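Every chain is numbered from 1 and lettered A, B, ... according to where its sequence line falls, protein lines coming before strand lines. Predicted model, so just to flag it, every value in this text is computed and none were measured. All heavy atoms count here, side chains included; hydrogens, waters and symmetry mates do not.
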Amino acid sequence: MNIFDSYLEEILNLIQENQKKLNIKEINKFKGVSLEIPPANFASDLSSNICMILAKLNNVDSKKLALKIKELITENIRDFKNVEVAGPGFINLSLTNKALISIINKIIIEGKSFGSTTSNFSYNIEFVSANPTGPMHIGHCRGAIFGDVLSNLLKFNGNKVTKEYYINDYGNQIKNFVKSVYLRIREIKFKEKFINEKDLYPGEYIKDIAKKILNKNKFKFDSFDESYEFLEKESLKYSMEMIKNDLKKLGIIHDSFVSEKSLVETRTVTNAITQLKKTKFVEEGYLEPPKGEENKNWKKTKRLIFKSVLFGDDTNRALQKNDGSWTYFANDLAYHFDKVSRKYDKLINILGADHTGYIKRIEGAVKALSEEKTVLECKVCQLVKLYKKGTPFKMSKRSGDFISVNDLLNEVNKDSIRFMMLNRSNDVELDFDFDKVLEKSKENPVFYVQYCHARIQSIYRTLNIKNKKELQINNIEKDFNQYEKEIIKKILEWPKIVKISSRKYEPHRIPIYLYQLATLFHSYWSKGNEDEKFKFIQKGTISKNTMIITQLILIVIQNGMNILNVSLPNKM
RNA sequence: GCGCCCUUAGCUCAGUUGGAUAGAGCAUCGGUUUUCUAAACCGAGGGUCGUAGGUUCGAAUCCUUCAGGGCGCGCCA
């Protein structure tokens with residue numbers, strides 16, 4: 001039930017049928033044609049720019065054309081009254097009561113699916129993919145929630161979504177991680193002092209992992225090399241458990257976990273690169289020394305390189321290290337080879353701001369691997385800046401005292417975190433204030449939207465009305481008042497918000513919209529304080545109009561919060 | 001030096017493929033509760049949409065220039 005789409009289509013069809021009468025030719029180029037809600041100072045419900053676009057294409061006067069089209073619409077489309085031409089050639093339309101009632105009935109019938117479209121693509125969304133060397137920290141949080149809500153949004157529209165986590169369980173960092181666990185075990189078992197060398201992980205959680213391993217197993221831990229295989233397996237198991245647990249507390253459950261190590265072991269990397277060798281994208285060669293700081297380990301050696309410059313990257317990228325082993329990028333390329341082979345319609349990666357430089361190479365890799373058939377789109381989440389009582393504070397990972405998701409959850413509930421992390425466009429930095437999120441006021445948007453829902457539930461409670469009451473209307477007792485009309489207009493916009501958010505992969509539009517809807521509701525509610533006749537409950541009952549308004553708001557808020565996976569208490 | 005992102009009210013930010021008089025919250029000032037949840041609402045002031053050009057019926061939005069801020073520029077992961 002997207003009235004913008006359906007009415008626009010109807011109007012376009014009408015114009016197409018009357019092409020000759022209107023004396024216009026370029027009828028098939030409707031690019032840029034829109035139907036939307038006009039600015040508040042116009043009384044109309046809908047507005048279209050179609051005449052300006054058509055006039056330009058046909059080189060005629062847009063106002064004159066508008067007058068002809070106005071006539072056409074008036075004669076042929078019964079849902080509209082007061083068709084008007086305004087400004088440089090806008091066509092402004094108002095819905096008849098009958099049309100409005102029919103639209104409202106449809107929305108109420110659609111209920112939980114109101115706002116959704118029926119697309120049917122399969123998506124793979126890779127997000128979080130935090131290194132399995134410790135618990136999740138706050139930096140991961142934004143991307144995690146972004147990915148999760150984007151998945152919900154696309155599912156809401158009928159798509160199939162696989163939420164995927166890539167486990168970087170291979171390479172030097174894992175060795176250092178396992179070594180840290182080993183040393184902590186030695187510390188506990190043999191009272192050897194843990195010396196914090198460079199690249200080791202000093203954090204407290206390593207001790208916890210060490211204890212768990214010691215408690216469950218009677219291993220000797222005499223030598224690092226001999227214990228390695230066992231220790232690696234156990235340490236990774238516990239750290240992934242920690243991460244999954246953090247994610248679960250945030251309301252996030254991935255469908256699929258792919259291990260980097262297993263890709264190496266099953267020779268996926270070799271296969272991917274063998275395939276690319278047949279193209280112009282991978283070949284043996286030399287790379288230029290890096291441009292930034294000097295790097296001691298850099299050697300001019302012949303090796304396999306991926307020619308990412310062909311995809312707009314700054315420089316070509318090494319697939320092999322000095323010793324001939326695969327680079328991180330080679331493994332990741334293989335991982336994407338695997339994704340491509342799983343035949344999704346679309347691949348999406350959610351990255352942190354510090355990985356922007358990686359995008360061209362990996363998007364290029366997918367093009368090369370799929371012969372341009374599969375599209376990978378990377379979405380970047382900018383940094384989160386933390387504030388406490390108005391002052392910023394930083395988290396450093398090196399010293400081991402970073403703020404974990406778990407710490408965060410001890411102070412702030414999941415609902416607030418989820419809503420706040422999406423209350424800004426992913427392209428801008430986000431201020432996350434611990435205190436604001438805890439507030440129970442308009443300053444805290446989560447609360448404000450939840451409160452709107454709770455107020456409506458409170459009315460139903462007072463009147464002993466069940467939430468799921470079937471409601472159909474044949475006519476309205478009296479016209480909707482101005483406040484109700486405004487709310488209905490906002491409700492009609494919901495499908496549009498969902499559509500844009502999905503198309504642009506911008507879930508932040510949803511919390512922002514919900515906040516705006518809540519504002520209209522709270523405003524209307526308070527009108528009852530000034531004037532008795534605006535009270536929702538009149539003589540112990542509720543008018544049909546008010547019932548409709550509250551039902552519409554509930555439908556949209558519930559659908560929206562469902563996508564966000566944020567709870568809606570009935571009482572606050 | 002190069003790439004990506006950002007620059008809109010005092011502050012933090014919204015703003016569908018270009019649409020009509022650019023919007024919120026905070027802060028400031030002033031008002032509203034014997035009441036369905038005042039944990040709320042209403043009003044006022046506040047703007048050269050970073051700069052300079054261009055494209056056109058029409059630009060915060062598209063193109064170019066410059067300036068400022070953030071992130072990144074490994075044969076680490």
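- Note on A:Lys442: a side-chain N or O is less than 4.0 Å away from OP1 or OP2 of B:rG25.
- Side-chain contact of A:Tyr358 with A:Asp332: a donor-acceptor pair under 3.5 Å is present, judged by distance alone.
- Taking only side-chain nitrogens and oxygens, A:Ser523 comes nearer than 4.0 Å to OP1 or OP2 of B:rC42.
- A:Arg424 contributes no side-chain N or O that forms a donor-acceptor pair with the base of B:rC13 under 3.5 Å.
- Straight-line distance from the CG atom of A:Leu383 to the P atom of B:rG69: 17 Å, rounded to whole Å.
- Taking only side-chain nitrogens and oxygens, A:Lys321 comes nearer than 4.0 Å to OP1 or OP2 of B:rA77.
- In this structure, A:Phe90 forms an aromatic stack with the base of B:rA20, since both conditions hold: centre separation below 5.5 Å and plane angle below 30°.
- Between the P atom of B:rC2 and the CD atom of A:Glu288 lies a distance of 17 Å, rounded to the nearest Å.
- The side chain of A:Arg455 places an N or O atom within less than 4.0 Å of a non-bridging phosphate oxygen (OP1 or OP2) of B:rA38.
- Taking only side-chain nitrogens and oxygens, A:Trp525 never comes nearer than 4.0 Å to OP1 or OP2 of B:rU35.
- We find that NZ of A:Lys385 is positioned 6 Å from P of B:rC13, with the value rounded to whole Å.
- The nucleotide whose nearest atom lies closest to any side-chain atom of A:Lys535 is, among B:rC42, B:rA24, B:rC36, B:rC36.
- Within 6.0 Å of NZ on A:Lys527 lie more than 12 heavy atoms contributed by other residues, nucleotides or ligands.
- Counted by atom type alone, A:Asp323 and A:Ser325 present one or more donor-acceptor pairs between their side chains at under 3.5 Å.
- A:Lys504 has a side-chain polar atom (N or O) that falls below the 4.0 Å cut-off from OP1 or OP2 of B:rU17.
- Between A:Tyr448 and B:rA38 there is no side-chain N or O to OP1 or OP2 distance below 4.0 Å.
- Atom P of nucleotide B:rC2 and atom NZ of A:Lys360 are separated by 13 Å, given to the nearest angstrom.
- Figure legend. B:rA38 is base-paired to no nucleotide; pairs are counted as Watson-Crick or G-U wobble with both atom distances under 3.5 Å.
- If you run side-chain hydrogen bond (donor to acceptor under 3.5 Å, both in side chains) between A:Lys499 and each of A:Asp5, A:Thr117, A:Asn157, only A:Asp5 comes through.
- Between A:Tyr335 and A:Glu164, the side chains place a donor N or O and an acceptor N or O closer than 3.5 Å (distance only, hydrogens not considered).
- At B:rU16, one or more side-chain N or O atoms of A:Arg509 fall inside 4.0 Å of OP1 or OP2 (strictly under the cut-off).
- Rounded to a whole Å, the CG atom of A:Asp332 is 10 Å from the C1' atom of B:rA77.
- For the pair A:His508 and B:rG15, the criterion of a side-chain N or O lying under 4.0 Å from OP1 or OP2 is met.
- Nearest to the side chain of A:Glu429, among B:rG70, B:rA14, B:rC41, sits B:rG70.
- A:Asp354 contributes no side-chain N or O that forms a donor-acceptor pair with the base of B:rA77 under 3.5 Å.
- Atom NE2 of A:His522 and atom P of B:rC36 are 17 Å apart (whole Å).
- Computed from coordinates, the A:Ile500 CD1 to B:rA14 P distance equals 15 Å when rounded to whole Å.
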